[in-house]
Amino acid sequence: EPGPTLPLPDLPPLSLHGVLRSEAEEHIAKELATYLRNPQVRATSLMRIAMFGAVGAPGFYHFSPNLTLSDAIMNAGGPSATADFGRSSIKRANDRLYNGKQVEQAITEGTTLDRMNLHGGDMIEVGTPRSLLASGMRALLTAGAIAASIIALRGL
């Protein structure tokens, strides 16, 4: 829910504003104790992360902060055959948080998204080799030139 708010059936929504992930279960249990006897609470927070670049299924994912960076990449379809982790980056808005070398190190060490201090809205981009990008651009330009030639010939 927007806010951060936890909707509850037949109860008023529970505000989680200012509650740390580590305090979520205790906070929710305390609030629910107003309505229930001895509530047992298990809470898992998720953060929405963009996963782009050389992965099998680029897009937006909801990940647990306790997930390792390598597991997050695997959840997005795994690295493609052309993935180059040395050209990867992790960004928040226009700021680069991690460069390729740091991404490789985080993968090798099994670093969690929480330990990397990632937040909802951050973007993980798995890199591709520079030569692959250049050849893709050449192919796109060539295809455009061919299409323009066909259109010009039809006009004659």
Between the CZ atom in Phe85 and the CD atom in Gln105, the distance rounded to the nearest 0.5 Å is 14.5 Å
query = Checking Glu25 side chain against Ala43 main chain: does a donor-acceptor pair fall under 3.5 Å?
reply = yes
### Query
Taking C-beta and beyond as the side chain, do Asp122 and Leu113 meet within less than 4.5 Å on heavy atoms?
no
Verify the cluster assignment for Val41 and Leu36: are they in a single hydrophobic cluster under the rule of side-chain heavy atoms below 4.5 Å apart?
-> yes
So does Asn99 get a backbone contact from the side chain of Gln102, meaning a donor-acceptor N/O pair under 3.5 Å? yes
CE (Met51) and CE (Met123) are apart, to the nearest 0.5 Å, by 10.5 Å
**Asked** Does a sphere of radius 6.0 Å around CZ in Arg92 hold more than 12 heavy atoms from other residues, nucleotides or ligands, not counting ones at 6.0 Å or beyond?
**Response** yes
Any non-hydrogen side-chain atom of Ile28 less than 4.5 Å from a side-chain atom of Leu16?
yes
Exercise for review: Apply side-chain contact (heavy atoms from CB on, under 4.5 Å) to the pair Asp114 and Arg21, showing each step before the final yes or no.
Suggested key: CA-CA 10 Å; Asp114 190 41; Arg21 284 192 293 260; 2.3 Å; yes
Here the pair of heavy atoms bringing Pro13 nearest to Thr5 is CB-CG2, 3.4 Å
Minimal heavy-atom distance between Ala54 and Gly127, with the atoms involved, is CB-O, 3.6 Å
### Query
Side-chain contact, heavy-atom cut-off 4.5 Å: Thr112 with Pro65?
no
Looking only at heavy atoms, the pair that brings Glu104 and Gly86 closest together is OE2-N, 3.3 Å
Interatomic distance, NE2@His62 vs OG1@Thr44, rounded to 0.5 Å, equals 13.5 Å
Tell me, do Tyr35 and Pro12 make a side-chain contact under 4.5 Å, heavy atoms counted?
yes
* Same cluster (ILVMFWY, side-chain, under 4.5 Å), Leu67 and Leu97 -> yes
Between the CG atom in Asp95 and the OG atom in Ser89, the distance rounded to the nearest 0.5 Å is 12.0 Å
Nearest heavy-atom contact between Met116 and Thr111 is CG-CG2, 3.4 Å
Heavy-atom distance under 4.5 Å between the side chains of Ile107 and Leu69, does that happen here?
yes
For Tyr61 and Ala76 the tightest heavy-atom approach is OH-CA, 3.5 Å
Hey, does the side chain of Tyr98 reach the backbone of Ala106 with a donor-acceptor pair shorter than 3.5 angstrom?
no
The reported gap from CD in Glu109 to OG1 in Thr68 (rounded to nearest 0.5 angstrom) is 12.0 Å
Smallest heavy-atom separation, Leu118 atom then Met47 atom, equals O-SD, 3.4 Å
Q. Is there a side-chain contact between Glu31 and Leu6, using heavy atoms and a 4.5 Å cut-off?
A. no
side-chain contact (heavy atoms from CB on, under 4.5 Å) assessment of Val103 paired with Val126:
CA-CA 9 Å; Val103 169; Val126 176; over 6 Å; no
Worksheet item: Are Leu32 and Leu11 side-chain neighbours, meaning at least one heavy-atom pair lies under 4.5 Å?
Response: yes
